[in-house]
Amino acid sequence: MNKCFPSNEIILVVALLLFCKPVTAQKDNQQKLSSADKAKIESLLGQMTLEEKLGQMSLFAAEWDVTGPILKNNYKKMITEGKVGAMLNAYTVDYVHELQRLAVEESRLKIPLLIGYDVIHGHRTIFPIPLGQSCSWDLKLIEDADRVAAIEATAEGINWTFAPMVDIARDPRWGRVMEGSGEDTWLGCKIAEARVKGFQGTDLKANNTLLACAKHFAAYGAPQAGRDYNTVDMSQLSLYEWYLPPFKACLVAGVGSFMTSFNEIAGVPSTCNKWLLTDLLKKEWGFKGFTVTDWTSINELVNHGIAEDNKDAARLSLNAGVDMDMVGSTFLDFGAELLNEKKVNLTRIDEAVRSVLEAKALLGLFDDPYRYCNKTRQENEIMTTDQLALAKKLVSESCVLLKNPNQILPIPEKIKTIAIIGPLGDSKKDMLGSWSAAGQWEKCVTLLEGIKNRTGNKMEIVYEKGCNTNDDDKSGFDAAMKVAMNADYIILALGENNWMSGEAASRSKIDLPGVQNELAEAIVKTGKPVAVLLFNGRPLAITKLTSLPIAILETWFGGTQAGNGIADVLFGDVNPAGKLTMTFPRTEDQIPVFYNGKNTGRPYNPADPNAKYVSRYLDCSNDPLFPFGYGLSYTTFAYSNLVTTVEGSKINISVQIANTGNRDGEEVVQLYIRDKVGTITRPLKELKGFQKVLIKKGETKTIAFNLTTDDLAFYHPDLKKYWEPGEFVVFTGTNSVETISKSITVK
Ligand code: NOJ
């Protein structure tokens, strides 16, 4: 090449410097320590023995709600010896009071304990599973639900929750999709922020707020083949663009702790990943809280094949930036030896201990270690009428209407007899869903109960199970057919059991398990109107079911108020407005299938369906069964008049939405963009905004969105985030596929 001319790379860099603008810095909401707290912590550090320091870096489990091996069960004695910094799976005022008493009255330095618990979707009042909640697209309601969860958990002694789980997930086979907010990073960030606010409030020292924990850092939601705990391997760019932002959103919202994930990323398990925990999280992002491992994940470094033994694993994790070991006891068992052998240093240990003590100070535990042990609160602030009403509202807002031919739903008031059929129709235990903390299944309202509560004696309601969820026994079909024949209207309650999603609950086939499809096919033959209600913790590949002439309402696992909230939707007291936050595939073979994929060089063109050398399957459509953002209403909406104006860095968008049906209804108006040409390829669509609005029947509303050029930014190969001028397509619509669009040029 002629040396006089700059290379393509130099031209590119100069072009980027000239035209690409960095994004505006985000505000950091981490709560601040008082100078008295800081002094107290330094004084404690000065007095602590090495063993006491390692104790603060150790989290042990009480016997309840075990999700792995219990390695130490003499924790009460260990607390008095100053060898425990935190406990998990312990709650109720009496129990926690006793543990705190051992810590602050019988240990030498009287340091109170962190009391952690998986308060994932409510504590006693159980709300819908988080994936369901996310389908409400109601950030305030989600925040309020976690506020209630925090009130109830702190009323029972808990001061730290292992939530929110903010793992982006594109593979519905992975059981833990139930615990997150679906596949979209932008929405995931908004929900992450709402949830941290709900848990932590604005003042961690209030007695009804608790410390949140962003988990699982990082990329736990992308295990190969959707198998839990499996290897994760992806480009740095994907990690930055899709998987890390919800964690950053938690940090910006002030989250107090981060949990490392079980998985490896590019050969290095997160639990010993110095780049991830120290260079990125602590140094680059400036995280001031503490990091905790997942359950025995330090010990598991041996299985990963990156540590020789538990001692070696402790060395790797501590040096990588882990501050607290969950259950594994490796810091306590090997910290002293490692220090003597100069394999770890005291500065790192002090830094870890300081971060744990700071969390305790932020929670006000040094002022009053029993501040979360208040019996009056335990009696008065749990499952109150208002809390249950909020749970019921979130159940109906989480429901997504997938299909509704001939307006089968809502159930007409003139119906005399309803037959509820199916294994999920009267199953209290399943209503809780997975990860239901201290939820009591006996207190759940089932579908049958909810419908009876709603109809009183105006309708006759009969129930038949028909079959089990997950076996091939059809002996109940006859009885089910009998009640079906005698009813005017049939509700089929189908889906998964609550244990079929959540941790260690991956499924390779995600159609309805057992003989439920056959039950549905048999019932449909009666010719009666049939509404199927789905109860499940993940998107399902229900192509067979969907081909039947039935209505389908996705209800997830609704929690304590499941039946009542669903009944509101069934009878039209609430017009459903939920929208999917995770794509439903036609078949498992399409996975991963998600809305924000790339065009490829040989995109499939529906107008030329038999073209050969294009990116498609020979035996299956590329399109999913139900796309991201999808959900019907009992009314209909028409989008028109999309107007866009670009003024400097501002992009103003407005669209008119008419309610063209005959009911008032809420619509989640979605805004997507496509960056037409980038220095790296961009997705076909990216969600950039939404508004959930009530539009009365016959009414037309104009909805405005105000983006700035910051909203166009994306990560580049140098891992910097900035936007590039050029042509963009703006889409608005009722889901990620049915949109109207307009091109704009942003300079
Ligand atoms: C393992 C899970 O992965 C994590 O999410 C949870 O917080 C811990 N167990 C504690 O129960």
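Every number for a ligand or one of its atoms is a count from 1 in the order of the listing.
- Listed by number with element, the atoms of ligand 1 under 4.0 Å from a non-hydrogen atom of Glu503 are 1 (C), 2 (C), 3 (O).
- Here is the list of ligand 1 atoms found below 4.0 Å of a heavy atom in Phe162: 7 (O).
- Each of the atoms 3 (O) of ligand 1 lies under 4.0 Å from some heavy atom of Phe262.
- Contact of the Thr291 side chain with the Leu281 side chain is registered, since non-hydrogen atoms from C-beta on lie closer than 4.5 Å.
- Not a single N or O atom of Glu179, backbone or side chain, sits closer than 3.5 Å to an N or O atom of ligand 1.
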Original post:
When you look at Phe535 and Ser427, which way does the side-chain contact (heavy atoms from CB on, under 4.5 Å) test go after all the steps?
Top reply: CA-CA 11 Å; Phe535 297 83; Ser427 170; over 6 Å; no

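- By the 4.0 Å heavy-atom criterion, Tyr117 is excluded from the residues contacting ligand 1.
- Atom CZ of Phe247 sits about 11.0 Å away from atom CG of Leu280, to the nearest 0.5 Å.
- Ionic pairing of Lys140 and Glu143 is not present here: no N-O contact between side-chain nitrogen and carboxylate oxygen is shorter than 4.0 angstrom.
- Look at Glu351 and Arg354 and you find no salt bridge, because none of the NZ, NE, NH1 or NH2 atoms lies under 4.0 Å from a carboxylate O.
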Subject >> Residues Lys197, Asp146; criterion salt bridge (Lys or Arg N to Asp or Glu O under 4.0 Å); working and verdict >> reply: CA-CA 8 Å; Lys197 278 198 211 155; Asp146 281 335; over 6 Å; no

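- Residue-ligand proximity, Lys215 to ligand 1, at heavy-atom distances under 4.0 Å covers atoms 4 (C), 5 (O), 6 (C), 7 (O).
- The N/O atoms of Trp295, backbone and side chain alike, include none that comes under 3.5 Å of an N/O atom in ligand 1.
- Under 4.0 Å from ligand 1, the heavy atoms of Trp435 that appear belong solely to its side chain.
- Not a single N or O atom of Asn89, backbone or side chain, sits closer than 3.5 Å to an N or O atom of ligand 1.
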Subject >> Intermediate values then yes/no, salt bridge (Lys or Arg N to Asp or Glu O under 4.0 Å), Asp118 and Lys215 >> reply: CA-CA 11 Å; Asp118 288 286; Lys215 74 184 189 187; 3.1 Å; yes

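- Between Asp294 and ligand 1, an N or O atom pair is found at a separation short of 3.5 Å.
- Taking 4.0 Å as the cut-off, Met165 does not count as a neighbour of ligand 1 on heavy-atom distance.
- Here the closest heavy-atom approach between residue Gly267 and residue Ile306 is recorded as O-CD1, 3.8 Å.
- The ligand atoms of ligand 1 that sit less than 4.0 angstrom from a heavy atom of Leu88 are 10 (C), 11 (O).
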